[in-house]
Amino acid sequence: MNIKQAKEYIKDSVKLYLKKDDEGEYRIPVVRQRPIFLLGAPGIGKTAVMEQIAQELGIAIVSYSMTHHTRQSALGLPFIAHKEFEGLSYDVSEYTMSEIIASIYDVMSESGIKEGILFLDEINCVSETLAPSMLQFLQYKVFGRHKVPDGWVIVTAGNPPEYNKSVREFDIVTLDRMKILEVEAEYQVWKEYAKDRNIHTAILNYLDLKKEDFYQVETTVRGKNYITARGWEDLSAMMLLYEEEGLAVEESLIEQYIRNPRVVKEFGAYYDLYRKYQKDYRVADILAGTAPASAGERARKADFDERLSLMGMLIDYVWHDIRENIEQYEYINNILNHMKAIKNSIEADKDVIESNKDIIGSNKDSVELSKGNFESDKNVAEDRIIDILKKQISGRQKGMESLMKAGSLSDREKRKQKKVIRFLTDCEKAIKQEEIDDADDVLKFLKARYDDEAAAYKSETQDIKMKLHYLFTFVEDTFGTGNEMLILLTECTVNKDSAKFIGMYGCDEYKRHNEELMVSERGDTIMEEIARLEL
């Protein structure tokens, strides 16, 4: 199976292992909750999917590589305990708590999350002294004399023997106590992940043309040649930084991550072409509707690899903006909820004041007293709202820190949380500087701040809609309804952010071409059609 299928199996297993009956007991007893063994080649994303599962389920994760552990660190250190049995004193060997088990309790204490995944990588590479204890651990979830807390599902991972000389073959007794998932590298599945992680477009375009270069491990007379998904992802991160700094991406950089001389040369040559296409086609002008006619004429006459590269650059340019726009949409909704909470609190305070005035009645002294209290409440409106903001900031901060300590906060969610906290903090500072002492004026001030954010978001949304329009117009005018249009429609459909954006704001060109070409029905065959072309 591929890593995406394995992720769904593991996610379903974790949910079912954590399911309880009406009495609060686990439906599958802990002793029957087989640890999951994810067996696959190195660098295909085993660790990444475990983090994704924890984030999606809202549970904690503790990760360890077993190659780094000795018997003492995994099981605990021995010490002498003094005990009495039937009136006689004895010295008994005990063990301190395992570093691994202690880490679980630390995460539960710091994050407040009591359920999670204990992920042990390189499980079949344990040291010789630790190996005998693994059977006890896999069956009873015990390290030394200390048990993995209930509510923690054990997932393990390892490489097949052909990839790692340190691998120990598990015997049948051990294997029979685990759920075994054998995973293979598959480019199309990784590509979905890669787009979400903003992997460099040049890498994706190259691999679209040469899928066989996505993952390779081979033995040559000079040693091991290897290419892994991890290698491509790490190379992408460095390439993006090189480009930001104006540094040249050369073969000497590529070969640090891609350990295959042929692929280093071919990808290096393709990257140079990619940079030339960027300069020649002026992608920004195409998406602004100001591209010269020569751009379309050249694209029509270009070879397939050049057209595919151009499509990748155009799509990536728009998708990057759409991804940020959807994140902005989530951010706007979050600060709107905070603004509503502040308004509701202030209005509730006013209702209390009005209620007190009614109770006091028409007594002149009481009315004057009430009036004085009301004026006093107006004067402390600033302090009241600042207090609400402080609590909102503190709540956001604690929630974010809790998920970070649990290892279940995605980069995207972290960016959003930090942005919301920054907005609230800036509002708090601005209210103090403005010295607004009337509740209604403070609410108007906050609304103006929110309206500025919402207006910027709406403006960005309109810009992206125009880019989509010009993108479809260019592809239609240049390629008609050929494979390039199929690629564009497919990307619009399978990309989560673009599908959400089009769902919220519409795109007439997408709707029209989608109906004409029935992409929703042909989505599964589009890549097969492209693969059948002679590249």
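With salt bridges taken as basic N to acidic carboxylate O contacts below 4.0 Å, one links R512 and E476. Electrostatic pairing of D234 and R230 does not count as a salt bridge here, judged by no charged N lying under 4.0 Å from a carboxylate O. Of the charged side-chain nitrogens involved, at least one lies within less than 4.0 Å of a carboxylate oxygen, so that R412 and D497 count as a salt-bridged pair. Ion pair E484/R307 flagged as a salt bridge, since at least one NZ, NE, NH1 or NH2 atom sits closer than 4.0 Å to an Asp/Glu carboxylate oxygen. Classification of K141 and D150 as a salt-bridged pair fails, no side-chain N sitting under 4.0 Å from a carboxylate O. Using a 4.0 Å cut-off between a side-chain N of Lys or Arg and a carboxylate O of Asp or Glu, E192 and K496 do not qualify as a salt bridge. Salt-bridge annotation for K398 and E401: absent, with no side-chain N of the basic residue lying under 4.0 Å from a carboxylate O of the acidic one. Checked for salt-bridge contact, D213 and K210 miss the test: no charged N lies under 4.0 Å from a carboxylate O. A salt bridge between K276 and E306 is absent, with no side-chain N of the basic residue lying under 4.0 Å from a carboxylate O of the acidic one. Salt-bridge annotation for K7 and E56: present, with a side-chain N of the basic residue lying under 4.0 Å from a carboxylate O of the acidic one. Salt-bridge annotation for D321 and K467: present, with a side-chain N of the basic residue lying under 4.0 Å from a carboxylate O of the acidic one.
Side-chain N/O atoms of E324 and Q328 include no donor and acceptor closer than 3.5 Å. Defined by atom type and a distance below 3.5 Å, a donor-acceptor pair is present between the side-chain atoms of E453 and Y331. Judged purely by distance below 3.5 Å, without hydrogens or angles, the side chains of N325 and T461 pair a donor atom with an acceptor atom. A side-chain N or O of E233 and one of Y193 form a donor-acceptor pair less than 3.5 Å apart.
With Y26 as the aromatic partner, K20 meets the cation-pi criteria of under 6.0 angstrom to the ring centre and within 45 degrees of the ring axis. With a 6.0 Å cutoff to the six-membered ring centre and a 45° limit on the axis angle, K211 does not count as a cation-pi contact of Y187.
Among Y281, Y277, Y270, the single residue meeting the side chain to side chain donor-acceptor pair (under 3.5 Å) criterion with S309 is Y270.
The aromatic rings of Y457 and Y329 lie tilted to each other, with the angle between the two planes from 30° to 60°. Y206 and F267 have perpendicular rings, their planes meeting at more than 60° on a 0 to 90° scale where under 30° would count as parallel.
Judged by distance alone, the side chain of N334 and the main-chain N or O of E330 form a donor-acceptor pair under 3.5 Å. Of the possible donor and acceptor atoms, one in the side chain of Q5 sits under 3.5 Å from a partner among the backbone N and O of N2. Here the side chain of S111 pairs no donor or acceptor atom with the backbone of A406 at under 3.5 angstrom.
In this structure, K114 places its NZ atom where more than 12 heavy-atom neighbours from other residues, nucleotides or ligands lie under 6.0 Å away.
The two residues I346 and I385 come nearest to each other via the heavy atoms CD1-CG1, 3.5 Å. Taking every heavy atom of both residues into account, I61 and M50 meet most closely at CD1-O, 3.7 Å. Here the closest heavy-atom approach between residue L204 and residue K195 is recorded as CD1-CG, 4.0 Å. T201 and G312 make their closest contact through CG2-O, 3.4 Å (heavy atoms, listed as atom of the first residue, atom of the second, distance).
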Carefully, step by step, assess H469 and F474 under the rule ring pair (Phe, Tyr, Trp, His ring centres under 6.0 Å). CA-CA 9 Å; H469 165 72; F474 177 80; over 10 Å; no
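F214 and W190 have their aromatic ring centers within a separation under 6.0 angstrom. Taking the six-membered ring for Trp and the full ring otherwise, the centers of Y505 and F501 sit less than 6.0 Å from each other.
Here H146 pairs with nothing under the side chain to side chain donor-acceptor pair (under 3.5 Å) rule; sequence neighbours left out.
A distance of 11.0 Å separates CD in E255 from CD1 in I258, rounded to the nearest 0.5 Å.
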